[in-house]
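Read the structure below first, then the notes.
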2 protein chains.
Amino acid sequence: MVSIMFEHNDKTFPCATSLTMSFIGGKWKAVILMYLISKKRRYSELHQGMKSISERTLSLHLKEMERDGLVKRKVYSKKPPLKVEYELTEFGRTLIPVLNAIYDWGTAVGEAENKVKKVSI
Amino acid sequence: MVSIMFEHNDKTFPCATSLTMSFIGGKWKAVILMYLISKKRRYSELHQGMKSISERTLSLHLKEMERDGLVKRKVYSKKPPLKVEYELTEFGRTLIPVLNAIYDWGTAVGEAENKVKKVSI
DNA sequence: CAGTATCCGGCTTGATACTG
DNA sequence: CAGTATCAAGCCGGATACTG
C-alpha cells in the first residue's frame, strides 16, 4: 500500500489539509494574511490592527510567512526611522479564496449564534 | 471607536477569521473533519486513517468538536466491545466549503512545488 | 472497541526592555 | 519605526499503560 505524504520545511504532513494548515494555521497567521489582502501594510499598522498580538509573535509570523513565500517585505529607508511594508506575494494571493471562506464562515457563525459582542475602545 | 469582538468558549476573538480558526485550527481538527465529510466513521477508523495521531489527541479533539456542535457521537452498543460512530452535524456541514478550500489549496501546492513524496507503508 | 490516566517535553505565545 | 533579546508561562500533543 502506498500513502502520499507532503513535505514542507523539513516536516512531514499526512494529507493536503494538514499541509495547508502548516501555512495558515496557528492563532495569528490567517489573521495577518487577511489584513494584507486589501493592501500592503506597515509593521505598525498590523500591530495596531490586531491589538492583542505581541510584537514578538507578529515578527516571528511575518518572518515565517516570508520564508514560506506568502509575504514580501519591502524596506523604503536606510536609516531610522525605518519604513517597511508587507504585502502578499503572487503565491500568497492564491490563498485568498481559502482566507475568504474562513472569514465568511466566522462572520456567519457570529451573526447566527449571537456570539458577536461589541466593545468600545 | 467601536470594535467588534467574538466570543466562544469563554475566549475572545478579535475577528471572524480567528473565530473560525478556533473551530478548525490546530494540528488535527481540520483533518478529522475532512474524514467525516464523506461518511460517518468509527473511532478506530479515524485512528487508523491518521496513523500519526495519538489516541489521547484524537479523543480530546473529538470531544471538543462535539462540545462545539460540529460532530455528533453515536453509541450503538451498551457493553464492550463498544461501537461508536462519529458524524458531522448539520452545523458541522456548513464548514464543508471551508474544508474543501483548504484541501484543494494543499493539493495544488503539493503538485506545483514538488512537495509530494510517496511513502510505501 | 473505545476510550481514559498519567506523565512529560516542546512548541507557541506573551511581557517587557532594549537597539539600529 | 521596526524590530530583536530575554525570560517566563501555558497549552498542545505524544507515549504508554490501563479500564468499562
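Here is how names work: the chains are called A, B, and so on, in the same order as the sequence lines, proteins then strands, and each is numbered from 1.
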So, Glu45(B) side chain and Arg42(B) main chain: donor-acceptor pair closer than 3.5 Å or not?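 Present.
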
Arg73(A) side chain vs Leu62(A) backbone, donor-acceptor pair below 3.5 Å: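 No.
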
Length of the line joining [X]:[atom1] and [N]:[atom2], which is rounded to integer Å:
X	N	atom1	atom2	answer
Arg56(A)	dG14(C)	CZ	C1'	8 Å
Lys11(A)	dG10(C)	NZ	C1'	11 Å
Leu58(A)	dA15(C)	CG	C1'	15 Å
Ile53(A)	dT13(C)	CD1	P	8 Å

Just say parallel, tilted or perpendicular for the rings of His8(A) and Phe13(A), cut-offs at 30° and 60°.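 Correct class here is tilted.
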
Geometric class of the Tyr43(A)/Tyr86(A) ring pair [parallel <30°, tilted 30-60°, perpendicular >60°]: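 Tyr86(A) and Tyr43(A): tilted rings.
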
What nucleic acid atoms does [X] come within less than 4.0 Å of, heavy atoms only: base, sugar-phosphate, or nothing?
X	value
Lys63(A)	sugar-phosphate
Ser77(B)	nothing
Tyr76(B)	nothing

Looking at residues 27-39 of chain B, who's got a heavy atom less than 4.0 Å off DNA chain C?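 Contacting residues: none.
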
Watson-Crick or G-U wobble mate for dC18(C), both contacts under 3.5 Å: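 Partner of dC18(C): dG3(D).
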
Pick the nucleotide of DNA chain D nearest each of Leu62(A) and Gly26(B); which residue has the one closer to the 5' end?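 Here Leu62(A) is the residue nearer the 5' end.
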
Quiz question: by atom type and distance under 3.5 Å, do the side chains of Thr57(B) and Trp28(B) form a donor-acceptor pair?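 There is no such pair between these side chains.
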
No-hydrogen, no-angle side-chain donor-acceptor test under 3.5 Å, Thr17(B) and Thr20(B):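 No donor-acceptor contact under 3.5 Å links the two side chains.
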
Go nucleotide by nucleotide along DNA chain C from the 5' end; which of Glu64(A) and Leu82(A) gets its closest nucleotide reached first?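 Its nucleotide being nearer the 5' end, the pick is Glu64(A).
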
Does some side-chain heavy atom of Asp68(A) sit less than 4.5 Å from a side-chain heavy atom of Asn9(A)?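 Heavy-atom side-chain distance check passes, below 4.5 Å.
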
Using a strict threshold of under 4.0 Å (side-chain N to carboxylate O), is an ion pair present between Glu87(A) and Lys74(A)?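 Yes, Lys74(A) and Glu87(A) are salt-bridged.
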
Does Leu36(A) share a hydrophobic cluster with Val75(A), counting links as ILVMFWY side-chain heavy atoms below 4.5 Å and allowing steps through other members?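 Cluster IDs for Leu36(A) and Val75(A) match.
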
Of all nucleotides in DNA chain D that come within under 4.0 Å of a heavy atom of chain B, which is furthest toward the 5' end and which toward the 3' end?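 Counting from the 5' end, contacts occupy dG13(D) to dG20(D).
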
